[in-house]
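Read the structure below first, then the notes.
Note: hydrogens, waters and symmetry copies are ignored here, and every other heavy atom, side chains too, is used. Just so it is clear: chains get the letters A, B, ... in the order the sequence lines come, proteins before strands, and each one is counted from 1.
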Protein chains: 2
Amino acid sequence: MPTPQKTRPDALTMEVVELIGDVVARFYSDYEDAAAEHALTGAQARLLSLLSLEPLPMRKLAQKLKCEPSNVTGIVDRLEARALVERRPDPADRRVKVAAATEAGLQVARELREGLRFAREPLAGLSQGERESLRDLLRRMRDA
Amino acid sequence: MPTPQKTRPDALTMEVVELIGDVVARFYSDYEDAAAEHALTGAQARLLSLLSLEPLPMRKLAQKLKCEPSNVTGIVDRLEARALVERRPDPADRRVKVAAATEAGLQVARELREGLRFAREPLAGLSQGERESLRDLLRRMRDA
DNA sequence: CATGGTTGTTTAAGGCACTGAAGTAAATGG
DNA sequence: CCATTTACTTCAGTGCCTTAAACAACCATG
(Lines give C-alpha, C1' and ligand atoms only; values in the text may rest on other atoms or scores of the structure.)
Protein backbone atom coordinates (compact mmCIF):
# COMPACT_ATOMS: atom_id res chain seq x y z
CA MET A 1 0.00 0.00 0.00
CA PRO A 2 1.85 3.01 -1.21
CA THR A 3 -0.85 5.47 -0.14
CA PRO A 4 -2.84 4.95 3.05
CA GLN A 5 -5.68 7.26 1.92
CA LYS A 6 -8.89 5.76 0.63
CA THR A 7 -9.33 7.61 -2.64
CA ARG A 8 -6.48 10.05 -2.84
CA PRO A 9 -7.26 12.24 -5.83
CA ASP A 10 -4.46 13.14 -8.20
CA ALA A 11 -3.18 16.68 -8.58
CA LEU A 12 -5.03 17.22 -11.85
CA THR A 13 -8.39 16.31 -10.35
CA MET A 14 -7.71 18.53 -7.36
CA GLU A 15 -6.90 21.43 -9.63
CA VAL A 16 -10.06 20.94 -11.67
CA VAL A 17 -12.14 20.82 -8.47
CA GLU A 18 -10.46 24.05 -7.41
CA LEU A 19 -11.19 25.64 -10.77
CA ILE A 20 -14.81 24.54 -10.67
CA GLY A 21 -15.03 26.13 -7.25
CA ASP A 22 -13.74 29.40 -8.67
CA VAL A 23 -16.10 29.39 -11.63
CA VAL A 24 -19.02 28.43 -9.41
CA ALA A 25 -18.27 31.32 -7.06
CA ARG A 26 -18.05 33.72 -9.96
CA PHE A 27 -21.24 32.50 -11.62
CA TYR A 28 -23.13 32.49 -8.36
CA SER A 29 -22.14 36.00 -7.41
CA ASP A 30 -22.92 37.25 -10.91
CA TYR A 31 -26.35 35.69 -10.65
CA GLU A 32 -26.97 37.43 -7.34
CA ASP A 33 -25.85 40.70 -8.86
CA ALA A 34 -28.13 40.30 -11.85
CA ALA A 35 -31.00 39.57 -9.48
CA ALA A 36 -30.13 42.59 -7.34
CA GLU A 37 -30.35 44.81 -10.41
CA HIS A 38 -34.04 44.00 -10.41
CA ALA A 39 -34.28 44.36 -6.64
CA LEU A 40 -34.66 40.62 -6.30
CA THR A 41 -32.86 38.26 -3.95
CA GLY A 42 -31.25 35.15 -5.36
CA ALA A 43 -34.03 32.94 -4.04
CA GLN A 44 -36.70 35.20 -5.51
CA ALA A 45 -34.94 35.23 -8.88
CA ARG A 46 -34.66 31.46 -8.94
CA LEU A 47 -38.30 30.99 -8.08
CA LEU A 48 -39.46 33.55 -10.62
CA SER A 49 -37.25 31.94 -13.21
CA LEU A 50 -38.94 28.59 -12.60
CA LEU A 51 -42.38 30.15 -12.89
CA SER A 52 -41.44 31.86 -16.15
CA LEU A 53 -41.41 28.40 -17.73
CA GLU A 54 -44.72 27.21 -16.31
CA PRO A 55 -47.04 27.80 -13.36
CA LEU A 56 -46.40 25.41 -10.50
CA PRO A 57 -48.13 24.46 -7.24
CA MET A 58 -46.32 25.47 -4.06
CA ARG A 59 -45.44 21.89 -3.33
CA LYS A 60 -43.68 21.43 -6.68
CA LEU A 61 -41.83 24.69 -6.19
CA ALA A 62 -40.47 23.45 -2.89
CA GLN A 63 -39.30 20.26 -4.56
CA LYS A 64 -37.53 22.10 -7.37
CA LEU A 65 -35.92 24.55 -4.97
CA LYS A 66 -35.00 21.75 -2.58
CA CYS A 67 -36.48 23.44 0.45
CA GLU A 68 -39.49 23.15 2.76
CA PRO A 69 -42.89 24.23 1.47
CA SER A 70 -43.23 26.64 4.38
CA ASN A 71 -40.27 28.50 3.00
CA VAL A 72 -41.84 28.90 -0.41
CA THR A 73 -44.82 30.61 1.16
CA GLY A 74 -42.72 33.58 2.20
CA ILE A 75 -40.85 33.94 -1.07
CA VAL A 76 -44.05 33.83 -3.09
CA ASP A 77 -45.62 36.29 -0.62
CA ARG A 78 -42.91 38.82 -1.34
CA LEU A 79 -43.08 38.33 -5.10
CA GLU A 80 -46.86 38.54 -4.98
CA ALA A 81 -46.66 41.79 -3.03
CA ARG A 82 -44.77 43.18 -6.01
CA ALA A 83 -47.25 41.73 -8.49
CA LEU A 84 -44.60 39.60 -10.19
CA VAL A 85 -46.36 36.38 -9.21
CA GLU A 86 -49.93 35.44 -8.38
CA ARG A 87 -51.61 32.53 -6.64
CA ARG A 88 -54.37 30.80 -8.57
CA PRO A 89 -56.75 28.16 -7.29
CA ASP A 90 -56.47 24.70 -8.80
CA PRO A 91 -59.94 23.73 -10.07
CA ALA A 92 -59.09 20.06 -9.70
CA ASP A 93 -58.01 20.30 -6.05
CA ARG A 94 -59.13 23.13 -3.84
CA ARG A 95 -56.22 22.59 -1.44
CA VAL A 96 -53.68 23.46 -4.11
CA LYS A 97 -52.50 26.97 -4.90
CA VAL A 98 -50.78 27.34 -8.22
CA ALA A 99 -48.15 30.05 -8.37
CA ALA A 100 -47.84 31.75 -11.76
CA ALA A 101 -45.71 34.59 -13.06
CA THR A 102 -47.71 37.67 -14.02
CA GLU A 103 -47.05 39.57 -17.23
CA ALA A 104 -44.71 41.85 -15.28
CA GLY A 105 -43.05 38.82 -13.74
CA LEU A 106 -42.40 37.29 -17.14
CA GLN A 107 -40.85 40.52 -18.30
CA VAL A 108 -38.53 40.65 -15.30
CA ALA A 109 -37.59 37.00 -15.83
CA ARG A 110 -36.70 37.76 -19.42
CA GLU A 111 -34.56 40.73 -18.46
CA LEU A 112 -32.92 38.63 -15.79
CA ARG A 113 -31.98 35.98 -18.32
CA GLU A 114 -30.57 38.57 -20.69
CA GLY A 115 -28.80 40.33 -17.85
CA LEU A 116 -26.80 37.20 -17.21
CA ARG A 117 -24.14 38.71 -19.47
CA PHE A 118 -21.59 38.12 -16.70
CA ALA A 119 -22.04 34.41 -17.10
CA ARG A 120 -21.61 34.65 -20.84
CA GLU A 121 -18.62 36.96 -20.85
CA PRO A 122 -16.05 34.36 -19.85
CA LEU A 123 -17.33 32.29 -22.77
CA ALA A 124 -16.65 35.06 -25.26
CA GLY A 125 -12.97 34.22 -25.28
CA LEU A 126 -13.61 30.66 -26.40
CA SER A 127 -13.83 29.59 -30.01
CA GLN A 128 -16.79 27.75 -31.43
CA GLY A 129 -14.95 24.45 -31.21
CA GLU A 130 -13.88 25.07 -27.63
CA ARG A 131 -17.41 25.91 -26.62
CA GLU A 132 -18.54 22.65 -28.13
CA SER A 133 -16.04 20.60 -26.18
CA LEU A 134 -16.92 22.53 -23.04
CA ARG A 135 -20.58 21.74 -23.68
CA ASP A 136 -19.81 18.05 -24.12
CA LEU A 137 -17.70 17.87 -20.99
CA LEU A 138 -20.30 19.72 -18.92
CA ARG A 139 -23.05 17.47 -20.22
CA ARG A 140 -21.17 14.41 -19.13
CA MET A 141 -20.51 15.91 -15.72
CA ARG A 142 -24.15 16.77 -15.28
CA ASP A 143 -25.33 13.32 -16.29
CA ALA A 144 -22.68 11.50 -14.28
CA MET B 1 -31.47 45.23 -38.58
CA PRO B 2 -32.47 41.61 -38.61
CA THR B 3 -32.49 41.24 -34.85
CA PRO B 4 -33.56 44.08 -32.58
CA GLN B 5 -31.72 42.62 -29.56
CA LYS B 6 -28.40 44.06 -28.53
CA THR B 7 -26.21 41.00 -28.20
CA ARG B 8 -28.34 38.03 -29.04
CA PRO B 9 -26.33 34.98 -27.98
CA ASP B 10 -26.30 31.96 -30.21
CA ALA B 11 -27.92 28.68 -29.25
CA LEU B 12 -24.61 27.04 -28.36
CA THR B 13 -23.66 29.77 -25.93
CA MET B 14 -27.11 29.66 -24.37
CA GLU B 15 -26.83 25.92 -23.89
CA VAL B 16 -23.42 26.21 -22.27
CA VAL B 17 -24.73 28.90 -19.92
CA GLU B 18 -27.60 26.59 -19.04
CA LEU B 19 -25.20 23.71 -18.42
CA ILE B 20 -22.96 25.86 -16.26
CA GLY B 21 -26.05 26.78 -14.27
CA ASP B 22 -26.82 23.11 -13.72
CA VAL B 23 -23.28 22.23 -12.67
CA VAL B 24 -23.11 25.28 -10.41
CA ALA B 25 -26.35 24.29 -8.69
CA ARG B 26 -25.10 20.76 -8.19
CA PHE B 27 -21.69 21.84 -6.89
CA TYR B 28 -23.19 24.42 -4.60
CA SER B 29 -25.70 22.10 -3.06
CA ASP B 30 -23.05 19.41 -2.62
CA TYR B 31 -20.85 21.92 -0.85
CA GLU B 32 -23.66 22.85 1.51
CA ASP B 33 -24.28 19.17 2.21
CA ALA B 34 -20.61 18.54 2.91
CA ALA B 35 -20.61 21.50 5.29
CA ALA B 36 -23.78 20.28 6.98
CA GLU B 37 -22.12 16.93 7.69
CA HIS B 38 -19.83 18.87 10.01
CA ALA B 39 -22.71 20.94 11.39
CA LEU B 40 -21.42 23.96 9.51
CA THR B 41 -23.36 26.39 7.36
CA GLY B 42 -22.04 27.22 3.91
CA ALA B 43 -20.76 30.58 5.05
CA GLN B 44 -18.98 29.06 8.03
CA ALA B 45 -17.40 26.40 5.84
CA ARG B 46 -16.15 28.96 3.34
CA LEU B 47 -14.67 31.14 6.05
CA LEU B 48 -13.02 28.22 7.82
CA SER B 49 -11.68 27.04 4.49
CA LEU B 50 -10.04 30.41 3.93
CA LEU B 51 -8.50 30.36 7.39
CA SER B 52 -7.15 26.87 6.85
CA LEU B 53 -4.72 28.40 4.35
CA GLU B 54 -3.58 31.28 6.52
CA PRO B 55 -4.76 33.47 9.38
CA LEU B 56 -6.46 36.65 8.20
CA PRO B 57 -7.65 39.89 9.76
CA MET B 58 -11.41 40.42 9.85
CA ARG B 59 -11.17 43.08 7.19
CA LYS B 60 -9.42 40.77 4.72
CA LEU B 61 -11.95 38.05 5.41
CA ALA B 62 -14.75 40.40 4.49
CA GLN B 63 -12.98 41.24 1.25
CA LYS B 64 -12.45 37.61 0.30
CA LEU B 65 -16.03 36.71 1.19
CA LYS B 66 -17.33 39.80 -0.57
CA CYS B 67 -19.43 40.96 2.35
CA GLU B 68 -19.43 43.64 5.02
CA PRO B 69 -16.97 43.33 7.91
CA SER B 70 -19.83 43.49 10.40
CA ASN B 71 -21.11 40.26 8.91
CA VAL B 72 -17.81 38.49 9.46
CA THR B 73 -17.99 39.29 13.16
CA GLY B 74 -21.01 37.03 13.60
CA ILE B 75 -19.66 34.14 11.56
CA VAL B 76 -16.34 34.18 13.40
CA ASP B 77 -18.26 34.44 16.68
CA ARG B 78 -20.09 31.21 15.97
CA LEU B 79 -16.95 29.39 14.84
CA GLU B 80 -15.06 30.68 17.85
CA ALA B 81 -17.82 29.46 20.15
CA ARG B 82 -17.07 25.99 18.79
CA ALA B 83 -13.32 26.46 19.15
CA LEU B 84 -12.70 26.02 15.44
CA VAL B 85 -11.35 29.54 15.09
CA GLU B 86 -9.69 32.01 17.45
CA ARG B 87 -9.06 35.75 17.41
CA ARG B 88 -5.49 36.87 17.92
CA PRO B 89 -4.22 40.38 18.44
CA ASP B 90 -2.03 41.87 15.75
CA PRO B 91 1.17 43.09 17.43
CA ALA B 92 1.71 45.61 14.64
CA ASP B 93 -1.72 47.24 14.90
CA ARG B 94 -3.78 47.00 18.03
CA ARG B 95 -7.00 47.69 16.17
CA VAL B 96 -6.68 44.53 14.13
CA LYS B 97 -7.94 41.12 15.16
CA VAL B 98 -6.50 38.22 13.24
CA ALA B 99 -8.75 35.22 12.87
CA ALA B 100 -6.96 31.88 12.76
CA ALA B 101 -8.14 28.30 12.53
CA THR B 102 -7.41 26.24 15.64
CA GLU B 103 -6.02 22.73 15.44
CA ALA B 104 -9.58 21.41 15.54
CA GLY B 105 -10.57 23.89 12.87
CA LEU B 106 -7.78 22.75 10.57
CA GLN B 107 -8.89 19.16 11.05
CA VAL B 108 -12.50 20.01 10.14
CA ALA B 109 -11.30 21.97 7.11
CA ARG B 110 -9.31 18.97 5.96
CA GLU B 111 -12.26 16.63 6.37
CA LEU B 112 -14.43 19.12 4.55
CA ARG B 113 -12.08 19.19 1.60
CA GLU B 114 -11.95 15.42 1.46
CA GLY B 115 -15.70 15.20 1.88
CA LEU B 116 -16.14 17.11 -1.33
CA ARG B 117 -16.34 13.75 -3.06
CA PHE B 118 -19.60 14.88 -4.67
CA ALA B 119 -17.72 17.50 -6.60
CA ARG B 120 -15.16 14.99 -7.74
CA GLU B 121 -17.55 12.23 -8.70
CA PRO B 122 -18.73 13.79 -11.94
CA LEU B 123 -15.07 14.04 -12.93
CA ALA B 124 -14.50 10.36 -12.45
CA GLY B 125 -16.13 9.65 -15.79
CA LEU B 126 -13.64 11.79 -17.66
CA SER B 127 -10.37 10.55 -19.05
CA GLN B 128 -7.04 12.13 -18.22
CA GLY B 129 -7.01 14.01 -21.51
CA GLU B 130 -10.54 15.25 -21.04
CA ARG B 131 -9.77 16.49 -17.58
CA GLU B 132 -6.83 18.38 -19.00
CA SER B 133 -8.93 20.12 -21.62
CA LEU B 134 -11.56 20.87 -19.00
CA ARG B 135 -8.85 22.37 -16.83
CA ASP B 136 -7.60 24.54 -19.67
CA LEU B 137 -11.08 25.74 -20.59
CA LEU B 138 -11.95 26.54 -17.00
CA ARG B 139 -8.68 28.38 -16.51
CA ARG B 140 -9.41 30.59 -19.47
CA MET B 141 -12.93 31.25 -18.23
CA ARG B 142 -11.65 32.16 -14.80
CA ASP B 143 -9.02 34.51 -16.17
CA ALA B 144 -11.33 36.10 -18.72
C1' DC C 1 2.58 67.26 20.42
C1' DA C 2 -2.43 68.09 19.77
C1' DT C 3 -6.11 67.48 16.76
C1' DG C 4 -8.88 65.95 13.31
C1' DG C 5 -9.61 62.51 9.88
C1' DT C 6 -9.21 57.66 8.75
C1' DT C 7 -9.32 52.71 9.64
C1' DG C 8 -10.57 48.09 11.98
C1' DT C 9 -13.87 46.10 14.64
C1' DT C 10 -18.06 45.61 17.03
C1' DT C 11 -23.05 46.45 18.28
C1' DA C 12 -27.81 47.13 17.13
C1' DA C 13 -31.81 47.06 14.24
C1' DG C 14 -34.09 45.05 10.51
C1' DG C 15 -34.97 42.10 6.28
C1' DC C 16 -34.74 37.70 3.96
C1' DA C 17 -34.00 32.59 3.71
C1' DC C 18 -34.61 28.59 5.92
C1' DT C 19 -36.25 24.76 9.23
C1' DG C 20 -39.43 22.20 12.21
C1' DA C 21 -43.72 21.97 14.63
C1' DA C 22 -48.41 22.94 14.80
C1' DG C 23 -52.72 24.29 12.66
C1' DT C 24 -56.48 24.36 8.98
C1' DA C 25 -58.91 22.85 5.03
C1' DA C 26 -59.72 19.59 1.51
C1' DA C 27 -59.16 15.05 -0.53
C1' DT C 28 -59.26 10.01 0.06
C1' DG C 29 -59.75 5.31 1.53
C1' DG C 30 -61.58 1.96 4.37
C1' DC D 1 -68.85 8.31 7.79
C1' DC D 2 -64.55 8.85 9.99
C1' DA D 3 -59.55 8.42 10.09
C1' DT D 4 -55.73 9.46 7.56
C1' DT D 5 -53.20 11.87 4.34
C1' DT D 6 -52.10 15.90 1.60
C1' DA D 7 -51.43 21.02 0.54
C1' DC D 8 -50.69 25.05 2.38
C1' DT D 9 -49.98 28.47 6.03
C1' DT D 10 -48.44 30.34 10.51
C1' DC D 11 -45.20 30.72 14.14
C1' DA D 12 -40.90 30.52 16.60
C1' DG D 13 -36.19 30.31 16.18
C1' DT D 14 -31.51 30.49 13.72
C1' DG D 15 -28.26 32.26 10.52
C1' DC D 16 -26.74 35.44 6.90
C1' DC D 17 -26.50 39.90 5.44
C1' DT D 18 -26.79 45.13 5.30
C1' DT D 19 -26.72 49.86 7.08
C1' DA D 20 -25.88 53.11 10.73
C1' DA D 21 -23.66 54.25 14.73
C1' DA D 22 -20.15 53.66 18.30
C1' DC D 23 -15.44 52.92 19.79
C1' DA D 24 -10.52 52.58 19.87
C1' DA D 25 -6.30 52.99 17.60
C1' DC D 26 -3.58 54.77 13.86
C1' DC D 27 -1.74 58.74 11.30
C1' DA D 28 -0.88 63.18 9.08
C1' DT D 29 -0.81 67.99 9.50
C1' DG D 30 -0.05 72.26 11.56
Side-chain angles (χ1 to χ4, degrees), chain A residues 25 28-51 55-82 84-100, chain B residues 25 28-51 55-82 84-100:
Chain A
Y28 214 84
S29 110
D30 286 356
Y31 190 86
E32 300 276 324
D33 289 350
E37 280 180 20
H38 296 279
L40 293 174
T41 65
Q44 288 166 10
R46 280 186 286 278
L47 194 153
L48 182 57
S49 212
L50 278 179
L51 291 187
L56 288 171
M58 307 295 280
R59 192 188 98 261
K60 284 266 183 194
L61 273 174
Q63 282 172 355
K64 298 231 179 200
L65 295 173
K66 291 186 211 291
C67 69
E68 300 303 316
S70 62
N71 186 22
V72 176
T73 298
I75 303 175
V76 169
D77 278 351
R78 285 180 276 275
L79 288 172
E80 196 169 29
R82 290 174 52 188
L84 299 176
V85 157
E86 62 184 9
R87 285 174 165 95
R88 299 178 187 156
D90 180 345
D93 187 337
R94 283 183 301 165
R95 291 170 304 180
V96 172
K97 288 177 187 160
V98 179
Chain B
Y28 215 84
S29 111
D30 285 355
Y31 190 85
E32 300 277 324
D33 289 351
E37 282 180 19
H38 296 280
L40 293 175
T41 66
Q44 288 166 9
R46 280 186 286 279
L47 195 152
L48 183 57
S49 214
L50 279 179
L51 292 187
L56 288 170
M58 306 296 280
R59 190 188 101 264
K60 283 266 183 196
L61 273 174
Q63 282 171 356
K64 299 231 179 202
L65 295 174
K66 291 187 210 292
C67 69
E68 301 303 317
S70 62
N71 186 22
V72 176
T73 298
I75 303 175
V76 169
D77 278 352
R78 285 179 276 273
L79 288 172
E80 196 169 29
R82 289 174 53 188
L84 299 176
V85 157
E86 62 184 8
R87 284 172 165 94
R88 300 177 187 155
D90 180 346
D93 186 339
R94 281 183 303 164
R95 292 170 303 179
V96 173
K97 288 177 185 161
V98 179

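Atoms CZ (B/Arg78) and C1' (C/dT11) sit 14 Å apart, rounded to a whole Å. Distance B/Gln63 CD to C/dT9 P: 10 Å, rounded to the nearest Å. Distance B/Arg59 CZ to C/dT10 C1': 16 Å, rounded to the nearest Å. One can place CD of B/Glu32 at 12 Å from C1' of C/dA17, the figure rounded to the nearest angstrom. What separates CG of A/Asp77 from P of C/dC16 is a distance of 11 Å, to the nearest Å. Rounding to whole angstrom units, CZ of residue A/Arg82 and C1' of C/dC16 are separated by 13 Å. Distance CG (A/Leu47) to P (C/dC16): 15 Å, rounded to an integer number of Å.
The side-chain hydrogen bond (donor to acceptor under 3.5 Å, both in side chains) analysis of residues 66-75 of chain B, with sequence neighbours excluded, yields no pairs.
Under the side chain to side chain donor-acceptor pair (under 3.5 Å) criterion, A/Arg88 pairs with A/Glu86, sequence neighbours left out. Remark: B/Arg87 pairs with B/Asp77, B/Glu80 by the side chain to side chain donor-acceptor pair (under 3.5 Å) rule, at least two apart or across chains. With sequence neighbours left out, A/Asp93 forms a salt bridge (charged side-chain N to carboxylate O under 4.0 Å, His left out) with A/Arg95.
How far NZ of B/Lys97 is from CG of B/Asp90: 12.0 Å, rounded to the nearest 0.5 Å. To the nearest 0.5 angstrom, A/Ser29 atom OG is 12.0 Å from B/Leu65 atom CG. Atoms OH and CG, on A/Tyr31 and A/Leu40 in that order, are 9.0 Å from each other to the nearest 0.5 Å.
Paired with B/Leu61 under the rule side chain to side chain contact (heavy atoms under 4.5 Å, CB included), one option of B/Ile75, B/Val98, B/Leu47 passes, and it is B/Leu47.
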**OP:** Mark up nucleotides 19-30 of chain C, 5' to 3', with B wherever a protein heavy atom is under 4.0 angstrom from a base atom, S wherever such an atom reaches only the sugar-phosphate, and - elsewhere.
**Re:** BBB----BS---
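Think of the region where chain B sits on DNA chain D: with heavy atoms and a 4.0 Å cut, that region ends 5' and 3' at D/dG15 to D/dC26.
Counting any heavy atom pair closer than 4.0 Å across all strands shown, B/Arg46 reaches no nucleic acid atom.
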**OP:** Go through the steps to decide whether B/Thr41 and B/Glu32 satisfy the test side-chain contact (heavy atoms from CB on, under 4.5 Å), and finish with yes or no.
**Re:** CA-CA 7 Å; B/Thr41 66; B/Glu32 300 277 324; 5.9 Å; no
